Amino acid sequence: MATQRRRFVKEFNPHITCYICKGYLIKPTTVTECLHTFCKTCIVQHFEESNDCPKCGNQVHETNPLEMLRLDNTLEEIIFKLVPGLREGEQNRELEFWKRKQPHENGDDGVNVKRPREDEEENDDDRDYHRSDPQIAICLDCLRNNSQSGDNIVKGLMKKFIRCSTRVTVGTIKKFLSLKLKLPSTYELDVLCNGEIMGKDHTMEFIYMTRWRLRGENSYPMVLQYRPRIDFG
């Protein structure tokens with residue numbers, strides 16, 4: 001019976017390390033145009049200065065290369081299994097990062113935190129509020145536009161500051177706003193950051209890293225604006 005040769009992690013390093021930072025891939029993100037993979041933070045920062053792939057030099061997109069990025073969750077799991085302690089170390093660094101970004105507040109004044117009612121049945125198996133995730137504070141600001149008839153429906157929130165998981169998507173924020181503002185189910189909202197409409201699948205972490213922090217906005221909390229959807233047709 002043939003014996004299998006024992007392999008060392010370093011043999012896989014060319015396939016699981018980032019071309020930019022030379023470390024193990026963290027949140028591996030692939031450029032769909034050339035299929036080269038980098039750390040998410042590394043490639044996002046690179047595309048703030050260039051539209052070309054840092055490895056092959058090919059132009060990824062003429063104006064917005066960030067749209068050509070895709071997370072590779074399968075590769076991430078493989079790397080975490082190959083490199084002992086990498087997952088735990090990265091989770092600790094991420095938690096520390098978001099803790100430093102959170103303001104030092106006295107109590108929860110001004111922050112809308114969802115708590116179950118006493119008469120509400122609690123079922124942890126059916127609910128996931130991402131309590132263990134890194135948290136981010138957000139200001140939801142109503143964007144006024146006098147030319148839009150929908151402004152008489154879309155109002156500002158009484159409490160516009162919330163804290164949520166960094167993994168929450170824009171789609172979830174839209175649902176939250178619709179509930180709070182009691183909007184009809186057919187009513188559509190746009191959510192913007194720095195004047196740019198955000199896609200429904202963008203997470204709060206992605207927006208913070210690519211639209212807020214890297215564009216010179218160092219204030220906290222991150223500000224997202226909402227408005228009635230504008231039909232350009």
Side-chain angles (χ1 to χ4, degrees), residues 26-53 59-76 94 98 101 128-130 133-145 148 150 153-154 157 160 162-181 183-217 220-233:
I26 300 300
K27 296 185 179 178
T29 301
T30 299
V31 180
T32 57
E33 285 296 295
C34 58
L35 300 182
H36 290 134
T37 303
F38 310 91
C39 296
K40 178 180 177 180
T41 301
C42 292
I43 190 61
V44 166
Q45 290 179 342
H46 171 81
F47 281 156
E48 289 296 316
E49 304 294 334
S50 171
N51 292 343
D52 301 336
C53 171
Q59 186 182 70
V60 175
H61 193 278
E62 290 184 359
T63 57
N64 191 8
L66 293 174
E67 295 297 329
M68 311 305 292
L69 299 180
R70 297 293 182 272
L71 283 172
D72 192 336
N73 295 319
T74 302
L75 179 58
E76 181 180 47
E94 189 174 358
W98 289 109
K101 287 294 178 182
D128 181 10
Y129 295 144
H130 300 284
D133 290 348
Q135 303 289 299
I136 183 171
I138 301 170
C139 173
L140 296 172
D141 203 10
C142 182
L143 184 62
R144 304 291 182 182
N145 188 340
Q148 288 298 114
I153 299 177
V154 178
L157 295 170
K160 61 182 182 178
I162 66 170
R163 181 178 292 151
C164 63
S165 165
T166 57
R167 298 181 185 180
V168 164
T169 64
V170 169
T172 302
I173 294 295
K174 288 183 179 181
K175 291 179 182 178
F176 170 80
L177 288 168
S178 295
L179 287 172
K180 286 293 183 182
L181 299 173
L183 298 177
S185 59
T186 57
Y187 204 85
E188 294 289 340
L189 291 173
D190 284 328
V191 172
L192 305 87
C193 182
N194 289 334
E196 179 182 354
I197 296 176
M198 297 291 99
K200 66 181 180 66
D201 295 323
H202 286 174
T203 64
M204 297 301 102
E205 179 188 25
F206 180 81
I207 295 172
Y208 179 84
M209 298 295 289
T210 65
R211 302 302 195 275
W212 187 253
R213 185 173 73 103
L214 291 183
R215 295 194 178 181
E217 297 287 355
Y220 200 80
M222 178 171 71
V223 178
L224 297 181
Q225 295 177 310
Y226 60 92
R227 71 182 183 195
R229 173 159 293 178
I230 298 176
D231 185 6
F232 293 98

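Because the structure is predicted, anything quoted here is derived from the model rather than measured. Excluded from the calculations below are hydrogen atoms, water molecules and symmetry mates; all remaining heavy atoms, backbone and side chain alike, are included. For this chain, numbers begin at 1 and follow the sequence in order.
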Return the minimal non-hydrogen interatomic distance between [X] and [Y], and the atom names on each side.
X	Y	answer
Leu157	Tyr226	N-OH, 3.3 Å
Asp141	Lys160	OD1-NZ, 4.0 Å
Glu48	Leu66	OE2-CD1, 4.1 Å
Val168	Thr172	CG1-CB, 3.8 Å
Arg70	Glu67	NH1-O, 3.0 Å

Rounded at 0.5 Å granularity, tell me how far [atom1] in [X] sits from [atom2] in [Y].
X	Y	atom1	atom2	value
Lys40	Thr29	NZ	OG1	6.5 Å
Asn194	Trp212	CG	CH2	6.0 Å
His61	Cys53	NE2	SG	15.5 Å
Cys42	Ile26	SG	CD1	9.5 Å
Leu181	Leu189	CG	CG	7.0 Å

Partners of Ile138 by side-chain contact (heavy atoms from CB on, under 4.5 Å), sequence neighbours excluded? Ile136, Leu140, Ile162, Cys164, Met204, Met222, Leu224
Going by salt bridge (Lys or Arg N to Asp or Glu O under 4.0 Å), name the pairs with one or both residues in residues 201-210, residues two or more places apart or in two chains. Lys27-Glu205
Does any non-hydrogen side-chain atom of [Y] lie less than 4.5 Å from one of [X]?
X	Y	value
Leu75	Thr37	yes
Thr32	Leu69	no
Ser178	Tyr187	no
Cys193	Tyr208	no
Lys174	Val191	yes
Ile197	Arg227	yes
Val44	Phe38	no
Gln45	Phe47	no

Check: Asn51 side chain, Val60 main-chain N or O, donor-acceptor pair, under 3.5 Å: no
Main chain of Asp52, side chain of Ser50: is a donor-acceptor contact present, judged purely on distance under 3.5 Å? yes
Is it the case that Thr169 and Thr203 place a side-chain donor and acceptor less than 3.5 Å from each other? no
With His46, which residues qualify under ring pair (Phe, Tyr, Trp, His ring centres under 6.0 Å), at least two apart? none
What orientation do Phe206 and His202 show, parallel under 30°, tilted 30 to 60°, or perpendicular over 60°? tilted
